[in-house]
Amino acid sequence: MLRGALLSVSANPAIKRFATTAPGISELVTQFAAGETTHDAIGVTNELVSQGFQVTLDHLGEDTTDVDTAITIRDAYVELLQRLGRAQLASQAEVSVKLSAVGQALPDDGPQVATDNAQRICEVARDVGTTVTLDMEDHTTTDLTLSTLAQLRQDFPDTGAVLQAYLHRTESDCRDLGRAGSRVRLCKGAYNEPESVAYQRRGEVDLSYVRCLKVLLEGEGYPMIATHDSRLIAVAEALCARYGRESDDHEFQMLYGVRRREQRRLAAIGQRVRVYVPYGSEWYGYLVRRMAERPANLMLGVRAMLGRG
Ligand SMILES: Cc1cc2nc3c(=O)[nH]c(=O)nc-3n(C[C@H](O)[C@H](O)[C@H](O)COP(=O)(O)OP(=O)(O)OC[C@H]3O[C@@H](n4cnc5c(N)ncnc54)[C@H](O)[C@@H]3O)c2cc1C
């Protein structure tokens, strides 16, 4: 309930203004994001890769309302990918893209604008030797995002999908997407969704996660197991063994700054671990979702806003 309330209240422009200008907020942001510039993103990527992790980079931004911003974000990804290539990091680092950041919600031809921009990002990713994963946003965009995914996969079959276990539809989507070569990230889901489309109770979401994971692991695709939940990680490790999964045919994923010790533990036992690293100045929506996931983070946020961080 607290999570839903925080996600709703955070959309208020006055609250956003207050939060983004609060004195102690930048220290909190640096716990969860690499920094504001491409240079910062490359620096953190270098560091993680040298520690044996793989990386997916998210140029922060969402719900873009004009074409120029969509193009600016697309170009930021292009620049990032070219720099990853030059720094010899492309084999270890890919990018995660929110279609709403590159224009999906623009009036009239938004989905086409987003698809065209994503196409350009995929081209550059392929040229430098890496991949793109399409983040999943709220449920009103699921069909549009899967349709863009299908279009992109015609030319770039390694484009990754994200499915959210809290949605009722996801087990069926896992069946559709769990085919050979299909990279699918399974997460719980981070948005405030109504009862009509999503499980509301934590236990129901966790059970759905396990059902979806079984479908993906039984299938022929490449599951990307995105969770920090110790119980689900233990279940995933057991299921990988049961379905004969090898260390190179699936991976674990976690967010930058969250459960670092667990990230190291998994890497040390030979699991492939990819860290999701956000960077950029538009960190508000991302940070709110991280605070909504965990009351302790919310307290950190409140203290930062009151200047007691
Ligand atoms: C790599 C990756 C990519 C993602 N991409 C998407 C996406 O495209 N779309 C989407 O809707 N969601 C995405 N998510 C977010 C996801 O849906 C969940 O909201 C988030 O991962 C929290 O769920 P959990 O599985 O970690 O379990 P939870 O039950 O929320 O957490 C389990 C435990 O992990 C720790 N933990 C979890 N979150 C935090 C945090 N923020 N700070 C500190 N500790 C924490 C706590 O110890 C907690 O008890 C992504 C998550 C990851 C890891």
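Being a predicted model, the structure only gives us computed values, none of them experimental. Every number for a ligand or one of its atoms is a count from 1 in the order of the listing.
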Judged by modelled atom types alone, do [X] and [Y] share a side-chain donor-acceptor pair under 3.5 Å?
{"X": "H250", "Y": "Q271", "value": "yes"}
{"X": "T69", "Y": "T64", "value": "no"}
{"X": "Q164", "Y": "T142", "value": "no"}
{"X": "T37", "Y": "D40", "value": "yes"}

Just checking, R274 and Y276: is the charged tip under 6.0 Å from the six-membered ring centre and within 45° of the axis?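 Not flagged: R274 not positioned over aromatic ring of Y276.
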Does NZ or CZ of R202 come closer than 6.0 Å to the centre of the six-membered ring of Y199, within 45° of the ring's axis?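 No, R202 and Y199 do not form such a contact.
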Within the 4.0 Å heavy-atom shell around [X], which atoms of ligand 1 are there?
{"X": "M254", "result": "53 (C)"}
{"X": "D135", "result": "8 (O)"}
{"X": "Q164", "result": "9 (N), 10 (C), 11 (O)"}
{"X": "G189", "result": "11 (O), 16 (C), 17 (O), 19 (O)"}
{"X": "A226", "result": "1 (C), 2 (C), 52 (C), 53 (C)"}
{"X": "Y191", "result": "11 (O)"}

Closest approach of any protein heavy atom to [atom], naming residue and atom:
{"atom": "atom 42 (N) of ligand 1", "value": "N297 ND2, 2.6 Å"}
{"atom": "atom 23 (O) of ligand 1", "value": "K188 CD, 3.9 Å"}
{"atom": "atom 38 (N) of ligand 1", "value": "E293 OE1, 3.5 Å"}
{"atom": "atom 32 (C) of ligand 1", "value": "D229 CA, 3.6 Å"}
{"atom": "atom 15 (C) of ligand 1", "value": "R290 NH2, 3.8 Å"}
{"atom": "atom 44 (N) of ligand 1", "value": "R294 CD, 3.0 Å"}
{"atom": "atom 51 (C) of ligand 1", "value": "L255 CD2, 3.8 Å"}
{"atom": "atom 9 (N) of ligand 1", "value": "M136 O, 2.8 Å"}

Could you tell me whether some N/O pair between [X] and ligand 1 is separated by less than 3.5 angstrom?
{"X": "T227", "answer": "yes"}
{"X": "H228", "answer": "yes"}
{"X": "Y276", "answer": "no"}
{"X": "V162", "answer": "no"}
{"X": "F32", "answer": "no"}

With rounding to the nearest 0.5 angstrom, report the OH to NE2 distance, Y279 to H59.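 The OH atom of Y279 sits 5.5 Å away from the NE2 atom of H59.
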Listed by chain and number, what are the side chain to side chain contact (heavy atoms under 4.5 Å, CB included) partners of R265, not counting sequence neighbours?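 Listed in chain order: I233, E237, E262, I269.
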Judged by non-hydrogen atoms, does R202 sit under 4.0 Å from ligand 1?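 A heavy atom of R202 does come that close to ligand 1.
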Evaluate the 4.0 Å heavy atom contact test for atom 49 (O) of ligand 1: does a protein atom fall under the cut-off?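 When distances to the protein are checked, atom 49 (O) of ligand 1 has no heavy atom within 4.0 Å.
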Given the protein's heavy atoms, is any one of them under 4.0 Å from atom 40 (C) of ligand 1?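 Yes, because at least one protein heavy atom sits under 4.0 Å from atom 40 (C) of ligand 1.
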Suppose clustering is done on Ile, Leu, Val, Met, Phe, Trp and Tyr with side-chain heavy atoms closer than 4.5 Å. Which residues sit in the same group as M224?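 In the cluster with M224 are Y222.
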Should the proximity of V258 to ligand 1, defined as any heavy atom under 4.0 Å, be assigned to the side chain, the backbone, both, or neither?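 Within the 4.0 Å criterion, V258 contacts ligand 1 through side-chain atoms alone.
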Given side chain to side chain contact (heavy atoms under 4.5 Å, CB included), test I225 with C240 step by step and report yes or no. CA-CA 11 Å; I225 307 162; C240 286; 4.2 Å; yes
Candidate list R264, M254, E47, test side chain to side chain contact (heavy atoms under 4.5 Å, CB included), partner F53, passing option: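 Testing F53 for a side chain to side chain contact (heavy atoms under 4.5 Å, CB included) against R264, M254, E47 leaves exactly one candidate, R264.
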Could you give me the CA-CA distance, side-chain angles and deciding distance for S182 and R153, then say whether side chain to side chain contact (heavy atoms under 4.5 Å, CB included) is met? CA-CA 9 Å; S182 170; R153 280 187 170 180; 3.0 Å; yes
Check Q263 against L255 and note the closest heavy-atom contact, atom names and distance.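 Looking at all heavy atoms of both residues, the shortest contact is NE2-O, 3.1 Å.
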Using every non-hydrogen atom in the two residues, find where R245 and G219 come nearest and quote the distance to one decimal.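 Between these two residues, the closest heavy atoms are NH2-O, 2.9 Å.
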Please state which option from R185, K98, R289 has its nearest heavy atom closest to atom 3 (C) of ligand 1.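 That would be R185.
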